[in-house]
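One structure is given below, encoded as structure tokens.
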Amino acid sequence: MNFQKEIEKWYEIHKRDLPWRHTRDAYVIWLSEIILQQTRVEQGLPYFKRFLEAYPSVKDFAAADEQQVLKLWQGLGYYSRGRNMLFTAREVEKYHEGCFPVQYEELIKLKGIGEYTAAAISSFSSGEARAVLDGNVFRVLSRYFGIDTPINSSEGKKEFTALAQELLKGQNAMVYNQAIMEFGALQCKPKSPDCIVCPLQESCYALRHKRVNDLPVKLKKLVKRNRYFNYFILKQGEKILVNKRGEGDIWQHLYDFPLLETLSEHELFNQDLDQQIRNAYGKDVLIRSLMATKHVLTHQIIYVQFFALDNYIINFNSGADIKWVSRAELDELPQPKVIAGFINAKLTK
DNA sequence: AACGCGGGGTA
DNA sequence: TACCCAGCGTT
């Protein structure tokens with residue numbers, strides 16, 4: 001039996017029962033695929049269900065507003081996915097009469113849909129013969145065929161794309177694409193895969209050459225940047241001051257609080273910063289520490305401190321990005337995880 | 001081609 | 001701690 005048939009056979013036995021595997025509706029598949037970008041199935045599943053319930057059709061999605069979409073997306077990360085989905089839903093309403101495209105060449109034009117997602121949606125909804133190439137497929141092919149070209153180089157991308165497309169020939173794209181990804185996720189796992197029970201153990205290059213832990217090859221490590229966020233909680237009666245985050249940084253269009261970013265953790269106790277606070281909020285402002293925490297992202301580590309400011313004078317222009325909201329309104333705003341955590345822990349309902 | 005973008009699971 | 005996850009958009 002060849003590679004593809006072994007994979008499909010394994011899949012029929014071990015596949016998980018996932019809701020998006022029971023439909024060929026391109027809209028529903030699109031929803032699942034965007035949510036699952038860089039996201040584990042177990043993490044994305046509850047979000048998929050909530051989104052499908054909130055927006056049963058692309059028409060419903062197109063009618064949503066950004067704040068509502070981001071609130072539903074809260075906690076899932078990579079928030080541009082949610083914003084791009086809204087944009088694309090509206091495009092589909094406008095230019096495809098609400099009928100979600102199923103062809104690769106149409107899908108690839110849409111915002112938030114790249115080569116992987118276009119291949120996934122087209123093959124799962126219409127059976128188009130486009131090979132999916134995601135982290136799972138890279139790993140399986142790299143190990144089984146012993147390819148050590150870095151998967152994140154342009155050469156590697158070309159090489160693996162060609163191989164994946166070649167392997168798809170003569171297969172049922174709808175089944176085979178699902179199968180090889182599921183095989184990568186459950187059997188050919190990144191760490192300590194169970195090669196002892198793998199149906200491909202005899203023909204797998206990496207296993208025969210003891211290279212399972214070396215493949216796939218990936219170029220360079222990510223350098224994490226340290227950042228220090230000092231948030232200020234300002235209250236006026238029932239109202240609290242919030243800030244809508246702008247372009248060019250993390251958490252675009254989500255809400256946090258007035259922020260002073262510093263270059264080191266203890267800078268807050270430096271005179272300069274103390275002076276900055278007093279300049280911004282008034283000379284006699286009282287600063288009370290409320291909470292300190294470390295928030296780890298893929299590309300940065302953020303040391304976050306929250307302070308209550310008492311006796312402050314509002315001394316800054318309240319631009320469109322800053323506003324006073326009630327506690328009930330606050331709960332409706334989309335927030336980064338660390339902000340939601342603080343509100344939950346330290347602000348009374 | 002390189003970089004920025006979240007949050008969580010695993011060993 | 002280090003790596004990875006049904007990647008994509010921007011520069």
Side-chain angles (χ1 to χ4, degrees), chain A residues 15-16 18-21 29-48 70 73-85 87-88 107-124 130-140 142 150-158 164 177-186 188-194 213-225 227 245 247-254 256 294-302 334-341:
Chain A
K15 67 179 172 188
R16 290 168 288 185
L18 301 171
W20 47 85
R21 288 191 176 145
I29 294 167
W30 168 70
L31 211 53
S32 73
E33 289 301 335
I34 303 297
I35 287 172
L36 291 173
Q37 287 169 2
Q38 293 292 284
T39 304
R40 286 161 205 283
V41 167
E42 310 84 70
Q43 190 189 0
L45 191 51
Y47 286 85
F48 170 78
L70 288 177
W73 201 273
Q74 180 174 308
L76 196 54
Y78 286 154
Y79 296 93
S80 66
R81 290 183 290 171
R83 291 187 282 108
N84 288 339
M85 278 186 107
F87 182 88
T88 287
L107 291 162
I108 196 75
K109 296 176 189 166
L110 299 171
K111 193 165 282 189
I113 298 182
E115 289 175 15
Y116 162 75
T117 306
I121 299 174
S122 62
S123 65
F124 300 156
R130 298 280 183 168
V132 291
L133 190 54
D134 72 336
N136 293 309
V137 179
F138 272 119
R139 188 169 54 254
V140 172
S142 161
I151 61 173
N152 55 345
S153 66
S154 45
E155 189 195 348
K157 206 179 150 196
K158 245 196 271 180
N177 273 344
Q178 293 270 6
I180 190 168
M181 285 196 288
E182 189 80 333
F183 183 80
L186 300 182
C188 198
K189 297 179 294 183
K191 303 276 173 130
S192 55
D194 247 348
N213 293 323
D214 309 332
L215 293 172
V217 175
K218 210 168 176 178
L219 286 176
K220 87 175 112 170
K221 291 159 196 172
L222 185 64
V223 185
K224 281 196 178 169
R225 176 164 67 118
R227 299 179 75 178
R245 295 183 61 82
E247 324 298 314
D249 201 351
I250 54 174
W251 305 326
Q252 240 179 76
H253 298 189
L254 273 67
D256 58 1
K294 187 169 98 165
H295 192 63
V296 181
L297 305 181
T298 301
H299 42 285
Q300 38 191 293
I301 300 172
I302 307 176
Q335 303 136 7
K337 201 78 173 169
V338 67
I339 299 298

Fill in: Heavy-atom neighbours of A:K189 NZ exceed 12 at 6.0 Å
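Yes, because the 6.0 Å sphere around NZ of A:K189 holds more than 12 heavy atoms from other groups.
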
Item to complete: Return yes when atom NZ of A:K157 has more than 12 non-hydrogen atoms of other residues, nucleotides or ligands closer than 6.0 Å, and no otherwise.
Response: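 Atom NZ in A:K157 is not packed in, count stays at 12 or less.
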
Worksheet item: If you pin A:N152 and A:V296 to their nearest nucleotides in DNA chain B, which one's is more 5'?
Response: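 Going by which nucleotide is closer to the 5' end, it is A:N152.
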
Practice prompt. Find which nucleotide of DNA chain B each of A:I250 and A:S154 is nearest to by heavy atoms, and output the residue with the more 5' nucleotide.
Written response: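 Closer to the 5' end of DNA chain B: A:S154.
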
Fill in: Pairwise distance CD(A:Q252) to CG(A:L254) - rounded to 0.5 angstrom
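Going from the CD atom of A:Q252 to the CG atom of A:L254 covers 9.5 Å.
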
Worksheet item: A:V132 and side-chain contact (heavy atoms from CB on, under 4.5 Å): which partner among A:I121, A:N177, A:T117?
Response: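 By the side-chain contact (heavy atoms from CB on, under 4.5 Å) criterion, A:V132 pairs with just one of A:I121, A:N177, A:T117: A:N177.
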
Discussion item. How would you summarise protein contacts on nucleotides 5-11 of chain C per nucleotide, using B for base, S for sugar-phosphate only and - for none, with heavy-atom distances below 4.0 Å?
Written reply: BBBSS--

Fill in: Minimum heavy-atom distance between A:A120 and A:E33, given as atom pair plus value
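So the two residues come closest at CB-CD, 3.7 Å.
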
Discussion item. Taking any atom closer than 4.0 angstrom to a non-hydrogen atom of chain A, what span of DNA chain B does the protein reach, first nucleotide to last?
Written reply: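 So the contact region on DNA chain B extends B:dA1 to B:dA11.
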
Discussion item. When the C1' atoms of C:dA6 and B:dC3 are compared, how many Å lie between them, rounded to an integer?
Written reply: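 Here B:dC3 and C:dA6 have their C1' atoms 22 Å from each other.
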
Discussion item. Please report the distance separating the P of C:dT11 from the corresponding atom of B:dG6, rounded so that it comes out in whole Å.
Written reply: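 C:dT11 and B:dG6 have their P atoms separated by 16 Å.
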
Practice prompt. Determine the contact category for A:D249: base if any of its heavy atoms lies under 4.0 Å from a base atom, sugar-phosphate if only primed atoms, P, OP1 or OP2 are that close, otherwise nothing.
Written response: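 Since only primed, P, OP1 and OP2 atoms lie under 4.0 Å of A:D249, the category is sugar-phosphate.
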
Practice prompt. Spell out, as yes or no, whether a donor-acceptor pair under 3.5 Å connects the side chain of A:Q74 to the backbone of A:Q335.
Written response: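 Here the side-chain-to-backbone pair exists.
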
Worksheet item: Quick one: does A:V296's side chain get under 4.5 Å of A:K224's, heavy atoms only?
Response: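 Side chain of A:V296 against side chain of A:K224, heavy atoms only: contact under 4.5 Å found.
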
Worksheet item: Any idea how A:F48 and A:W20 line up, ring-wise: parallel (<30°), tilted (30 to 60°), or perpendicular (>60°)?
Response: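 Ring orientation, 0 to 90° scale: perpendicular.
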
